[in-house]
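Here's the structure, in structure tokens; my notes come after.
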Amino acid sequence: MTLSRRNFLKGSVATAIAANGLTLFPAGKVFADDTQVIPSASHYGPFKAVVKNGKLIGVQPLNDVDPFPTEMLTKGVLSRTYSDTRIKFPMVRKSLLEDPLGNHNPHLRGKEPFVRVDWDTAIALTAFCIARTIENHGNEAVFSSSYGGWSHSGLNRPQTLQGRFFNLIGGQSICAGDYSAGASEVILPHVIGDMEVYSPQTAWKIVEENTEAVLFIGCDPWKTNRIEFRVADHSMQKHWEAFKEKGIKFISINPQKTQTDKALGSEMINIRPNTDTALFTAMSYHLCKTGKNDQAYLDKYTVGFDKYLDYLMGKEDGIEKTPEWAEKITGLPAAKIVEIAELCVTKRTQIAAGWALQRADHGEMIHWSIINFAAIAGKIGKPGEGAGFSWHYGNGGMPTSGKRMPIGLSQGRNPITKTCPVVMISDMLKNPGKEYTRDGANLKLPKAKLIYNAGNNLLSHQQDTNELIQALNENIDTIICQDPWWCATAKYSDIVLPTTTTLERDDITSGGTYSNNKIYAMRKVVEPVGESLDDYEIFSRLAFMFNVHQEFTDGKTMYQHIKASYEASDATDDFKTFWQNGITHLSTPADANSFVRHGDFYADPEKNPLHTPSGKIELYSETLAKFKAFECPPMPQWMPPFEWLGNAKKDQVHVLSPHPWMRLHSQMANADVNSYESVDGRQIVLINKDDAAARGVKDGDVVEVYNDRGALLAGARITDEAMPGVIYIHEGAWLQLDEKGRCNSGSINMLTSSKTSSGLAQATSANTCLAYFKKCTDVLTPNKAYEPPQIVKSKFQVDIWSLQLGKRLKAVAAEQGPQQSPGEKLFYGSCTLCHAAPHPSDFTYKQWKGITTSMFPRAGLNDKDRKLVLDFLKENAKKE
């Protein structure tokens, strides 16, 4: 059945009524005097919280803003707020509590019980561990794994506040890059002058008026637009449905039929995972060999075509990259490869590629090969054509308002310049100080001894879980976790600080990654569960301990920060009205509906050059040739991955780990809606019916999936919508190891490799993964991932005086840093919310100009603000 809005809402209401109490209230519902309706917002959409006698009893979606509310909002938000997995009190692992100055028995993490302590003890122990680490090893030894920024949708995210605190006391080593689009965000600025993966797409109206065919490559907008880094408003479905009614042809190149494909009736083309580069290489070859390439376009808008053509024709390796060559790699018939290539040059075609493609060995190559093909076909910059890499995210295609959005608290510049690519965390722990390369720079990994993790589930994110746990236990003295829930990272920590959810604090946010046309109040809905505190309060208390409380708070409460942030935006409603209503709308100029990705460049490449060294699309990069990065050539080339179906052993399958339907990574895994993703409490694994039959597996069976890195148990879902030889395990299940060391919950990173994509981006290769599977006949226990750990009482009382806090804190007191310029404050307040703040020297000024072209609209900065930031970046950027 096609998932229309009508069918979805019918199902959502039915599910809500069947649940424990009504969790979805109609927008026009009138409540009794004992019931409050309080506006708020989340990654899953804006809403009004329905509160009776101080307890959340349900939510009211805003149908005029969000036409497609999901069950993550209507049901999940309620169930996880009062979940048994809530951390209600500060906790300390027993060994650390009873011997804070001695041996903490790190090998007992995840096994040893916790002891409840009061907040004074928790803050004292946290400050002691931080101060002792800095005193003995320097600030570099404090490593932030709080990279994500996805813990909630407000401006004042945990990792932002953490960065603000630590940067006031001398800094911390941090993560670099991200898991989402780590390979492309490094290579594409060299190729086309922007990260592209986080960029606004051509406006909906232009697509509807011009596009004749859409080519989805590993792209599923119906699923991935269900959540947002800020606040989802689910506005894209109506546009895609309009495209379908208009007669636009949809083709999907994917090992699995997606929800988007079902809704739009896409023609399905199943391809072997990790072989898309070979496909687009052969498509480029075909156009050039048959004279269908747009030579005039190539001459005017690109550089390096001659070198790329030599590669296509096999001048150096003797292998012509023909469709027949690609057939053996991709599994697609050569005739089909020719058909797709010719469709793209005979029809006005928009290529929509997902990020999952580049989470692979040599992931830098795939989006680049698509760009090269689109350029050879003469497409980039034309209305309704070209290649886009963010159609599946942030309602790609939404017109951008250009208005100034509220600005969060500035993290400030980090005095520590050591960074670790997110995928290399285990490598960093095992090999502190190891030399590595990233984006042409020769760097060294930090020497970490303490990990601070706020609002992030490290043991869910990081590949090769067994390797990570071993590295943590052997090399890290202290793990501090700040979170509302007993996720795996909290269970494997030493000190656990319980935080409020977004419903138990005030904050502010905006609507749309790209649209920036709404500002939302995130008002406190209910009182904190247990003794949980919001992140601002926790870091304020730590700041007090380190004598930087005034600098951290600026003498303001969080409410005062929110009010000032709102009043600095382009909103026209006064703050009191906004706070009462919970939302304010900002207008979008009419010309935003005519935006064409790289349209200005296409219209006049001399006047509007790209921010690449040549000012043009670089089919071959002289810059990358000089880098000589390991396994990253200076043009897109097919290189066999370290694991793929082309080198699989008998009975091995390729394992892909796409985003789940009812979770945001590991968020909502502890909510009722996770039942959609599970069989008897375990993560589902999607298996082709023929593969299942060959192994005697039936729908609903518990399946063991395993390789040399680890093993997991999952619930079998048999399907004919996934190609043979490929299985799917959605990422984000919480970890729980059974006595045999298998994840009893189905956490995919038990199987994935921590090998990086190449020496250029050092990005994840999570989707390069082979494994075996079989029916499990030795299940030991039910899944216990969503149960709290053992909590015991202890008569031991920490002697605060023995920690010598005064002496230690004085010894590590940081000198007051220089005053931030206005541009620096804007940069660290508006442009670094997504992840840990990058250093201005991470990119050249020309690269920053390209990156900020997309970053500024997302940040919602006006022209004056943009100039201030660019002035700051120009002064501090990497020298060319």
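Being a predicted model, the structure only gives us computed values, none of them experimental.
- Residues Phe546 and Val812 form a side-chain contact, since some pair of their non-hydrogen atoms from C-beta on lies under 4.5 Å apart.
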- Query: Can Glu731 and Arg359 be said to form a salt bridge (Lys or Arg N to Asp or Glu O under 4.0 Å), step by step?
  - Reply: CA-CA 13 Å; Glu731 51 88 13; Arg359 297 183 198 125; over 6 Å; no
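- Nearest heavy atom pair, residue Met750 against residue Gly741, reads CE-O, 3.4 Å.
- Applying the ring-ring contact (aromatic ring centres under 6.0 Å, His included) criterion to Trp355, with sequence neighbours excluded, gives Tyr198, His392, Tyr393.
- Applying side-chain contact (heavy atoms from CB on, under 4.5 Å) to Thr756 and the options Asp427, Thr764, Val423 leaves one that passes, Val423.
- A distance-only check finds a donor-acceptor pair linking the side chain of Asn707 to the backbone of Gly710 [under 3.5 Å].
- Side-chain rings of Trp485 and Tyr786 stay apart, their centers remaining 6.0 Å or farther from each other.
- Arg93 places a side-chain heavy atom less than 4.5 Å from the side chain of Arg109.
- Of the charged side-chain nitrogens involved, none lies within less than 4.0 Å of a carboxylate oxygen, so that Arg709 and Asp464 do not count as a salt-bridged pair.
- Judged purely by distance below 3.5 Å, without hydrogens or angles, the side chains of Thr768 and Asp361 never pair a donor atom with an acceptor atom.
- For Asp799, the CG atom counts as densely surrounded, since its 6.0 Å shell holds more than 12 non-hydrogen atoms of other residues, nucleotides or ligands.
- In summary, Arg86 and Glu504 engage in a salt bridge, as defined by a charged side-chain N under 4.0 Å from a carboxylate O.
- Under the 4.5 Å side-chain criterion, counting only non-hydrogen atoms from C-beta, Ile480 is in contact with Leu450.
- Looking at Lys88 and Glu531, no side-chain N of the basic residue comes within less than 4.0 Å of a carboxylate O on the acidic one, giving no salt bridge.
- The two residues Leu168 and Val548 have their closest heavy-atom pair at O-CG1, 3.9 Å.
- Going from atom OG1 of Thr419 over to atom CZ of Phe143 covers 9.0 Å, rounded to the nearest 0.5 Å.
- Of all heavy-atom pairs between Cys420 and Leu445, the closest is SG-CD2, 3.9 Å.
- Partner of Tyr452 under the side chain to side chain donor-acceptor pair (under 3.5 Å) criterion, chosen from Gln162, Gln482, Gln159: Gln482.
- A donor-acceptor contact shorter than 3.5 Å is absent between the side chain of Asn674 and the backbone of Asn670.
- Salt-bridge annotation for Lys491 and Glu112: absent, with no side-chain N of the basic residue lying under 4.0 Å from a carboxylate O of the acidic one.
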- Query: Should Glu474 and Lys430 be marked as a salt bridge (Lys or Arg N to Asp or Glu O under 4.0 Å) after you check the CA-CA gap, both sets of side-chain angles, and the distance that decides it?
  - Reply: CA-CA 8 Å; Glu474 292 179 355; Lys430 295 188 299 181; over 6 Å; no
- Message: Using side-chain hydrogen bond (donor to acceptor under 3.5 Å, both in side chains), reason through Ser754 and Gln462 one step at a time and then give a plain yes or no.
- Response: CA-CA 8 Å; Ser754 61; Gln462 182 63 26; 5.6 Å; no
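- Here the side chain of Glu135 pairs no donor or acceptor atom with the backbone of Arg808 at under 3.5 angstrom.
- Here the shortest heavy-atom pairing between Ile748 and Ser657 reads CG1-CB, 3.5 Å.
- In summary, the side chains of Asn749 and Thr465 do not present any donor paired with an acceptor at a separation below 3.5 Å, with no hydrogens or angles considered.
- Checked for salt-bridge contact, Asp778 and Lys740 meet the test: a charged N lies under 4.0 Å from a carboxylate O.
- Counting heavy atoms from C-beta outward, Leu125 and Pro100 have side chains that approach closer than 4.5 Å.
- Inter-residue side-chain proximity for Arg663 and His730 is flagged as met; some heavy-atom pair is nearer than 4.5 Å.
- Remark: side-chain polar atoms of His152 are paired, donor with acceptor, to backbone N or O of Gly154 under 3.5 angstrom.
- With hydrogens and angles ignored, the 3.5 Å screen pairs no side-chain donor or acceptor of Ser747 with any backbone N or O of Leu735.
- Classification of the His461-Tyr179 ring pair by plane angle, with boundaries at 30° and 60°, yields parallel.
- Ser79 places a side-chain N or O within donor-acceptor distance of the main-chain N or O of Asp672, the cut-off being under 3.5 Å.
- Taking the ring axis of Tyr706 as reference, the NZ or CZ atom of Lys774 stays within 45° of it and closer than 6.0 Å to the ring centre.
- Closest non-hydrogen pair, Pro484 versus Thr501, comes out as CB-CG2, 4.1 Å.
- Side-chain polar atoms of Tyr772 and Glu704 form no donor-acceptor pair below 3.5 angstrom.
- The CG atom of Leu664 lies 8.5 Å from the NE2 atom of His659; values are rounded to the nearest 0.5 Å.
- Interatomic distance, Ile538 CD1 to Leu161 CG, rounded to the nearest 0.5 Å: 10.0 Å.
- Judged by distance alone, with hydrogens and angles left aside, the side-chain atoms of Asn414 form a donor-acceptor pair with the main-chain N or O of Gln172 at under 3.5 Å.
- With hydrogens and angles disregarded, no donor-acceptor distance shorter than 3.5 Å links the side chain of Ser540 to the backbone of Thr553.
- The CE atom of Met72 lies 10.5 Å from the CZ atom of Arg80; values are rounded to the nearest 0.5 Å.
- By the 30° and 60° cut-offs, the orientation of the rings of His43 relative to Phe229 is tilted.
- Side-chain contact of Gln736 with Asn744: a donor-acceptor pair under 3.5 Å is present, judged by distance alone.
- Remark: Arg116 is positioned above the aromatic ring of Phe89, its terminal NZ or CZ atom under 6.0 angstrom from the ring centre and at most 45 degrees off the axis.
- Considering Lys418, Lys444, Lys449 in turn, Lys418 is the only one that fulfils the salt bridge (charged side-chain N to carboxylate O under 4.0 Å, His left out) rule with Glu140.
- With a 4.5 Å cut-off on side-chain heavy atoms, Leu751 and Ile729 count as touching.
- At distances below 3.5 Å, not a single donor-acceptor pair connects side-chain atoms of Glu98 with backbone N or O atoms of Ser794.
- With values rounded to the nearest 0.5 angstrom, Leu542 atom CG is found 4.5 Å from Phe165 atom CZ.
- For the 3.5 Å distance criterion, the side chains of Asn783 and Ser745 qualify, holding a donor opposite an acceptor.
- Between Phe114 and Asp494 the shortest heavy-atom distance is CE2-O, 4.3 Å.
- Between atom OG of residue Ser758 and atom NE2 of residue His362 there is a gap of 7.5 Å, rounded to the nearest 0.5 Å.
- A salt bridge (charged side-chain N to carboxylate O under 4.0 Å, His left out) with Asp535 holds for exactly one of Arg505, Arg164, Arg157; it is Arg505.
- Residues Leu429 and Leu472 form a side-chain contact, since some pair of their non-hydrogen atoms from C-beta on lies under 4.5 Å apart.
- Of the residues listed (Val655, Leu656, Thr752), the one engaging Asn767 in a side-chain contact (heavy atoms from CB on, under 4.5 Å) is Leu656, and it is the only one.
- The aromatic rings of Phe539 and Phe552 sit tilted relative to each other, their planes meeting at an angle between 30° and 60°.
- For the pair Leu760/Val186, a side-chain contact is recorded, criterion being any heavy-atom separation below 4.5 Å from C-beta on.
- Of the possible donor and acceptor atoms, none in the side chain of Asn453 sits under 3.5 Å from a partner among the backbone N and O of Cys481.
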